[in-house]
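To start, the structure under review is shown below, and the notes come after it.
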Amino acid sequence: MSPPAELVFTRGSEMMAHLVQAAGTGREPAADMADLAQVIRTLLGVEAGRDTRVRLGGNLFDVVITGAGPQAQHAIAVMDQVQNGCGPVIEDPESGWLYWLVPPGSCGRWAPHSHAVCLGAPHTITLPALNRYVPPGPFWVRPSASDRLVPTGPLRDALSRFRPEPTPHAALSELLGLGRDDPSVPQR
């Protein structure tokens, strides 16, 4: 008995296409495997002591950006109490900002805040080497530990309470090349 005409293939690629289609999308290889490999290489670079550029969003994290003044240090102290040790925070002395690493997808749920901006995809951030705890350059105020990130609810409350300066809104709009009339511009 010969197979049905629709199952006769003249090339291996036809057979593979048929198998993928028959298996359905749940059985297809992940379309983002190349992205996953890049993320792993990036994170290994950070662990190896190199500053490394990382895309925000995806399955890693988003970032909340605030001023790094004395008020922000009070917010860190509160987050230390809330989390029994604050999740990862990076300080950039050149810009005067703190970068709070928050769960992925936070950017889409973050309501405008007078003293903070939340960014996700398609933006990027440079993570300092894991062993950098002092300037020069960006450094870890609170190092990245396992899979813990900063929870946005308690962070938002702490930022509302302490109101860290300088606010990043105008400088980020200029840095990202966004106009004030653009709806994607983080507003105060």
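- Put simply, CZ on Arg156 and SG on Cys118 are 9.5 Å apart, with the number rounded to the nearest 0.5 Å.
- Of all heavy-atom pairs spanning Trp110 and Thr152, the tightest one is CZ3-CB, 4.1 Å.
- Taken together through direct or relayed side-chain contacts under 4.5 Å among Ile, Leu, Val, Met, Phe, Trp and Tyr, Val141 and Leu159 form part of one hydrophobic cluster.
- Atom CG of Leu127 is separated from atom CZ of Phe61 by 4.5 Å, given to the nearest 0.5 angstrom.
- Shown here for Leu130 and Ser144, the closest heavy-atom pair between the two residues is CD2-CB, 4.3 Å.
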Please determine whether side-chain hydrogen bond (donor to acceptor under 3.5 Å, both in side chains) holds for the pair Arg53 and Thr126, giving the CA-CA distance in whole Å, both sets of side-chain angles, and the decisive distance to 0.1 Å.
CA-CA 4 Å; Arg53 197 122 186 106; Thr126 299; 2.4 Å; yes
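- Contact between Pro128 and Pro138 at its shortest, heavy atoms only, is CB-O, 3.4 Å.
- Transitive grouping of hydrophobic side chains (ILVMFWY, heavy atoms separated by less than 4.5 Å) brings Val63 and Trp97 into a common cluster.
- In terms of heavy-atom proximity, Ile65 sits nearest to Pro168 at O-CG, 3.3 Å.
- Within the model, atoms CZ of Arg148 and CZ of Arg142 stand 10.5 Å from one another, a figure rounded to the nearest 0.5 Å.
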For side chain to side chain contact (heavy atoms under 4.5 Å, CB included), just list the numbers for Val102 and Leu149, CA-CA rounded to whole Å, side-chain angles, deciding distance to a tenth of an Å, and then say yes or no.
CA-CA 5 Å; Val102 298; Leu149 295 170; 5.6 Å; no
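- By the criterion of side-chain heavy atoms lying less than 4.5 angstrom apart, applied directly or through intervening Ile, Leu, Val, Met, Phe, Trp or Tyr residues, Trp140 is not grouped with Val134; the two fall into different hydrophobic clusters.
- Both Val89 and Phe139 are assigned to one and the same hydrophobic cluster, defined by single-linkage of ILVMFWY side chains at heavy-atom distances under 4.5 Å.
- Note: Leu98 CG to Ile76 CD1 = 5.0 Å, rounded to the nearest 0.5 Å.
- A distance of 5.0 Å separates CD1 in Ile90 from CG in Leu101, rounded to the nearest 0.5 Å.
- Using the six-membered ring where Trp is involved, His113 and His115 have ring planes that are perpendicular, over 60° apart on the 30 and 60° scheme.
- The side-chain contact (heavy atoms from CB on, under 4.5 Å) with Ile125 is formed by just one residue from the set Thr52, Leu56, Asp92, Leu119; it is Leu56.
- Of the possible polar contacts, none joining the Asp80 side chain to the Gly85 backbone as a donor-acceptor pair under 3.5 Å is found.
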Is there a side chain to side chain contact (heavy atoms under 4.5 Å, CB included) between Val150 and Cys86 once you walk through the steps?
CA-CA 7 Å; Val150 179; Cys86 184; 4.3 Å; yes
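- Atom CZ of Arg163 has 12 or fewer neighbouring heavy atoms from other residues, nucleotides or ligands inside a 6.0 Å radius.
- Contact between Gly96 and Pro166 at its shortest, heavy atoms only, is O-CD, 4.0 Å.
- The shortest non-hydrogen separation linking Leu60 to Val54 is CD1-CG1, 3.6 Å.
- With contacts defined as side-chain heavy-atom distances shorter than 4.5 Å, the pair Glu91/Pro135 does not qualify.
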